[in-house]
**Student:** 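Questions regarding the structure given below will be posed in turn.
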Amino acid sequence: MTPWILLRGLMRETRHWGAFPQILSGYFPDAEIVMLDLPGNGSLYRERSPSTVQEMTEACRGQLTARGIAPPFNLLALSLGAMVACDWSTRYPDEIDKAVLINTSLRPFSPFYQRLRPGNYPALMRLALGNPDAATRERTILRLTSNRHSPASLLSEWMHYLREQPVDRENALRQLLAAMRYSAPQQAPRASLLILCGGADKLVNPRCSAALSRSWQAPLRVHDTGGHDLPLDEPVWVAQQIHVWAAPMMDKA
């Protein structure tokens, strides 16, 4: 069965998926679930982060080759990871069967003030250019990305990740630069696409997902109260939506 490749976003690592991979595996028991870190994050925190999405795609492809995992792949990707999924699906169409894009925001389909809500600019600039302590940084990220979890419930766990595998300031800026530079093609990739969106996303305006859905004629599913990190807030809902969408295609295969 085609493996699912999971890609996270800016300054996040595979452990930030939490329980979601196990939940997804319950809906796709015959599929391998593979989580990849972008260079500069997680297990690759010592590496220099690419400053373009295209380089991130190549790094992900190289990781899979090194592990002996061959295409085709299904991609499930969040935020910056979803930009990588778009690029991957566009430039290597034979490698990608399905792609699920979660709370992404892409040029040229949405203006900058929707792609990143202006009210968050000061907090994000302090994270990128300042020198916040670990607790302040992780508390800010959790506040911006989750609508269900209080800082106390995850903060100590996330701080542990940060101490073990820290993302340095230069890599954070390079990842942000890659996201700002990326522009998706007007024409949709050949892969089957599903767009998932948190209707209460505090970081990215949900209109970005709606605009992408219209432009690429891809189905859109919205969780009204979900935040930016939708697999964290609503992991069962996300897995269910993917299964309902993918099951008919799998039956025909």
Side-chain angles (χ1 to χ4, degrees), residues 1-9 14 17-36 53 56-57 60-61 63-65 67-106 109 184-199 201 206 208-224 226 229-253:
M1 193 173 186
T2 305
W4 283 96
I5 312 301
L6 275 54
L7 304 173
R8 286 199 63 91
T14 58
W17 285 111
F20 176 73
Q22 290 74 32
I23 294 171
L24 182 67
S25 182
Y27 285 88
F28 298 93
D30 296 326
E32 184 177 8
I33 309 296
V34 182
M35 295 175 286
L36 297 182
V53 165
M56 292 178 179
T57 297
C60 291
R61 295 177 70 239
Q63 288 184 61
L64 293 174
T65 298
R67 295 190 195 185
I69 303 172
F73 310 120
N74 295 326
L75 301 179
L76 190 158
L78 169 68
S79 196
L80 173 59
M83 296 183 187
V84 174
C86 290
D87 174 65
W88 197 339
S89 302
T90 298
R91 293 196 294 123
Y92 300 99
D94 293 336
E95 294 186 2
I96 308 303
D97 184 20
K98 302 176 186 67
V100 179
L101 312 177
I102 304 175
N103 282 332
T104 194
S105 56
L106 300 174
F109 306 113
Q186 290 282 356
Q187 185 175 355
R190 197 171 67 199
S192 299
L193 299 175
L194 173 66
I195 300 172
L196 299 181
C197 173
D201 187 339
C208 295
S209 290
L212 183 61
S213 172
R214 288 192 302 270
S215 297
W216 282 357
Q217 295 296 294
L220 170 67
R221 304 289 181 267
V222 180
H223 191 290
D224 290 340
D229 196 338
L230 199 52
L232 175 65
D233 281 1
E234 303 294 339
V236 174
W237 182 86
V238 171
Q240 288 174 338
Q241 296 303 313
I242 296 169
H243 184 261
V244 168
W245 166 73
M249 291 180 276
M250 294 163 58
D251 290 341
K252 293 178 182 178

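Worth saying up front: this structure is predicted, and the values here are computed from it rather than measured. We count residues from 1, following the sequence as given.
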**Student:** Do L220 and V222 touch side chain to side chain, with heavy atoms closer than 4.5 Å?
**Tutor:** yes
**Student:** Ignoring hydrogens, what is the shortest heavy-atom contact between I195 and A218? Give both atom names and the distance.
**Tutor:** CD1-CB, 4.0 Å
**Student:** From the options V100, L36, I33, select the one residue that forms a side chain to side chain contact (heavy atoms under 4.5 Å, CB included) with L6.
**Tutor:** I33
**Student:** My understanding is that only residues two or more places apart in sequence, or in another chain, count here; which of them pass ring-ring contact (aromatic ring centres under 6.0 Å, His included) with Y27?
**Tutor:** H243
**Student:** Please step through side-chain contact (heavy atoms from CB on, under 4.5 Å) for the pair H223 and V238, ending with a clear verdict.
**Tutor:** CA-CA 9 Å; H223 191 290; V238 171; over 6 Å; no
**Student:** Can you list the residues that meet the ring-ring contact (aromatic ring centres under 6.0 Å, His included) rule with W245, with sequence neighbours excluded?
**Tutor:** none
**Student:** Let me confirm one number: the OG1-CD1 distance from T90 to I96, rounded to the nearest 0.5 Å.
**Tutor:** 10.0 Å
**Student:** Quick one: are V34 and R67 in side-chain contact, heavy atoms under 4.5 Å?
**Tutor:** yes
**Student:** Roughly how far, to the nearest 0.5 Å, is CD of E234 from CD1 of I23?
**Tutor:** 10.5 Å
**Student:** Is the shortest heavy-atom distance from the side chain of M56 to the side chain of L80 under 4.5 Å?
**Tutor:** yes
**Student:** Could you pull out every donor-acceptor pair under 3.5 Å between side chains of residues 68-79 and any protein atom, sequence neighbours left out?
**Tutor:**
residue	atom	partner	partner atom	Å
N74	OD1	K98	N	3.2
S79	OG	H228	NE2	3.1

**Student:** Taking all non-hydrogen atoms of both residues into account, name the closest pair between L230 and G198 and its distance.
**Tutor:** CD2-N, 3.9 Å
**Student:** What pair of heavy atoms forms the shortest contact from W4 to A31, and how long is it?
**Tutor:** CD1-CB, 3.9 Å
**Student:** For residues L7 and C60, report the shortest heavy-atom separation together with the two atoms involved.
**Tutor:** CD2-SG, 3.8 Å
**Student:** Which value, rounded to the nearest 0.5 Å, describes the distance between L212 atom CG and T104 atom OG1?
**Tutor:** 7.5 Å
**Student:** Restricting to side-chain hydrogen bond (donor to acceptor under 3.5 Å, both in side chains), what partner residues turn up for D94, sequence neighbours left out?
**Tutor:** R190
**Student:** What distance do M35 atom CE and I5 atom CD1 have between them, rounded to the nearest 0.5 Å?
**Tutor:** 11.0 Å
**Student:** SG/C208 to CG/L101 distance, rounded to the nearest 0.5 angstrom?
**Tutor:** 13.0 Å
**Student:** Give me the atom names and distance for the closest heavy-atom approach of D229 to R8.
**Tutor:** OD2-NH2, 2.7 Å
**Student:** Roughly how far, to the nearest 0.5 Å, is the OG atom of S209 from the CG atom of N103?
**Tutor:** 5.5 Å
**Student:** Do you know which two heavy atoms are closest between Q241 and L194, and how far apart they sit?
**Tutor:** O-CD2, 4.0 Å
**Student:** Under the rule for side chain to side chain contact (heavy atoms under 4.5 Å, CB included), what residues qualify as partners of A184, not counting sequence neighbours?
**Tutor:** L106, F109, Y182, W216
**Student:** Could you give the side-chain donor-acceptor pairs of residues 82-89 under 3.5 Å, partners two or more places apart or in another chain?
**Tutor:**
residue	atom	partner	partner atom	Å
D87	OD1	R91	NE	2.9
D87	OD2	T57	OG1	2.6
D87	OD2	R91	NE	3.2
D87	OD2	R91	NH2	3.0
W88	NE1	E95	OE1	2.9
S89	OG	A85	O	2.8

